[in-house]
Amino acid sequence: MMKMSRMRALVALVVIGLTIGSFVFRLGFGSYSSFGFGGLMYACPVGILESMLSTKIPTWSGVFCFAIVVVITLIAGKAFCSWICPTPWVRRIFGVRDSKNDDARLGSKCASCSCDQLEGERKVAHCAACSKDPLPAVGGKRDGRLIDGRHGVLAGTLLSSFVLGFPVFCLACPIGLTFASVLAIGYAFSQHVFMWDLIVFPAVLVVELVIFRSWCFKVCPVSAMLSLLSSRKRIVRPRVGEDACLRTQGVDCRVCVDICPEKVDPHSLDIPECTQCGACVDACPMRAILLVPSAKK
């Protein structure tokens, strides 16, 4: 089975391809910030609210797009952050890791042993031997509903858009800046037009994502809004097979928590910060975690 990380990379390449193809061949698929076909659009929820607040006029198209965002988020949570948003991939290009997750796998007893080479009872016994040292209590640092700096940025973004009359955050949004940088590069090569945006947009993007290493955790208003909309009863979320999980067999294994970029525990019922990235699925030594739709609460 293809790893979740590779599946996310494939989806990212498809989105990038459609974005570039939309620009080159004038297909009208849109960009990272707003894409779709005809009247069916998925747009940035923060950008939608900013636009309506700045003009003081709610529009049916804006309300419709925001409703689509709400429905998708209720189903899949913050999946946009890991499957569509270009920010993680831009950070990876520049070799940026968040300080909270640097080499997390190396700090896990189970992840550093040879569990993957064993089967059945031998595998359980081997993992149990790896876990003699006391480890932190079960649970992720970011489980549950969080209110943090991101939500302050979100409130400030919406308020400033209403007062100043234009979508303020859109000027600095790394999602929009990524597409703007792609367009600037496209113009430079296709029409031999070199403008300041070819330098300014990538430069601002690098400052935001390289210097502000915890952008997604502490600043991003899109992440903040999606976390508020995400439901603990959403259909798509990590599902842990209790029969296969080492924890149910008395082994204090924390691989899934240690490897999670969002620092949540897939065993928890309340993880609105989960982005469905599948890192826990790929890292579990017993392959006990699946990312599948389910009606189970």
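Worth knowing before you read on, the calculation uses all heavy atoms, side chains too, and leaves out hydrogens, waters and symmetry mates.
With a 4.5 Å cut-off on side-chain heavy atoms, L226 and V69 count as touching. Taking the side chain as every heavy atom from C-beta outward, S54 and L164 never approach each other to under 4.5 Å. Side-chain contact between R8 and S82: present, with at least one pair of heavy atoms (C-beta onward) separated by less than 4.5 Å. Looking only at side-chain heavy atoms (C-beta outward), P238 and L290 stay at 4.5 Å or farther from each other. No side-chain heavy atom of F162 sits under 4.5 Å from any side-chain heavy atom of E50. Residues S161 and F166 are not in side-chain contact: their nearest non-hydrogen atoms beyond the backbone lie 4.5 Å or more apart. Using a 4.5 Å heavy-atom threshold, the side chains of L229 and L74 count as separate. For the pair L228 and I147, the minimum side-chain heavy-atom distance is below 4.5 Å.
In this structure, R247 pairs ionically with D265, as a charged nitrogen and a carboxylate oxygen lie closer than 4.0 Å.
D258 places no side-chain N or O within donor-acceptor distance of the main-chain N or O of V255, the cut-off being under 3.5 Å. Under the 3.5 Å distance criterion, the side-chain polar atoms of Q276 are matched with a main-chain donor or acceptor of A76. No donor-acceptor pair closer than 3.5 Å links the side chain of W89 to the backbone N or O of I84. When atom types are taken as modelled, the side chain of D282 and the backbone of M4 share a donor-acceptor pair closer than 3.5 angstrom.
Atom OG1 of residue T87 and atom CH2 of residue W215 lie 8.0 Å apart, to the nearest 0.5 angstrom. In this structure, the separation between SG on C280 and CG on L291 is 7.0 Å, given to the nearest 0.5 Å.
Residues C284 and A288 approach most closely at SG-N, 3.2 Å, considering heavy atoms. Nearest heavy-atom pair across R145 and D270 is N-OD2, 4.0 Å. Nearest heavy atom pair, residue S223 against residue K78, reads OG-NZ, 3.0 Å. The two atoms that bring V257 and G140 nearest to each other are CG1-CA, 4.0 Å, heavy atoms only.
The salt bridge (charged side-chain N to carboxylate O under 4.0 Å, His left out) pairs that include a residue from residues 150-173 are D148-R150, R150-E273, where partners are two or more places apart or lie in different chains.
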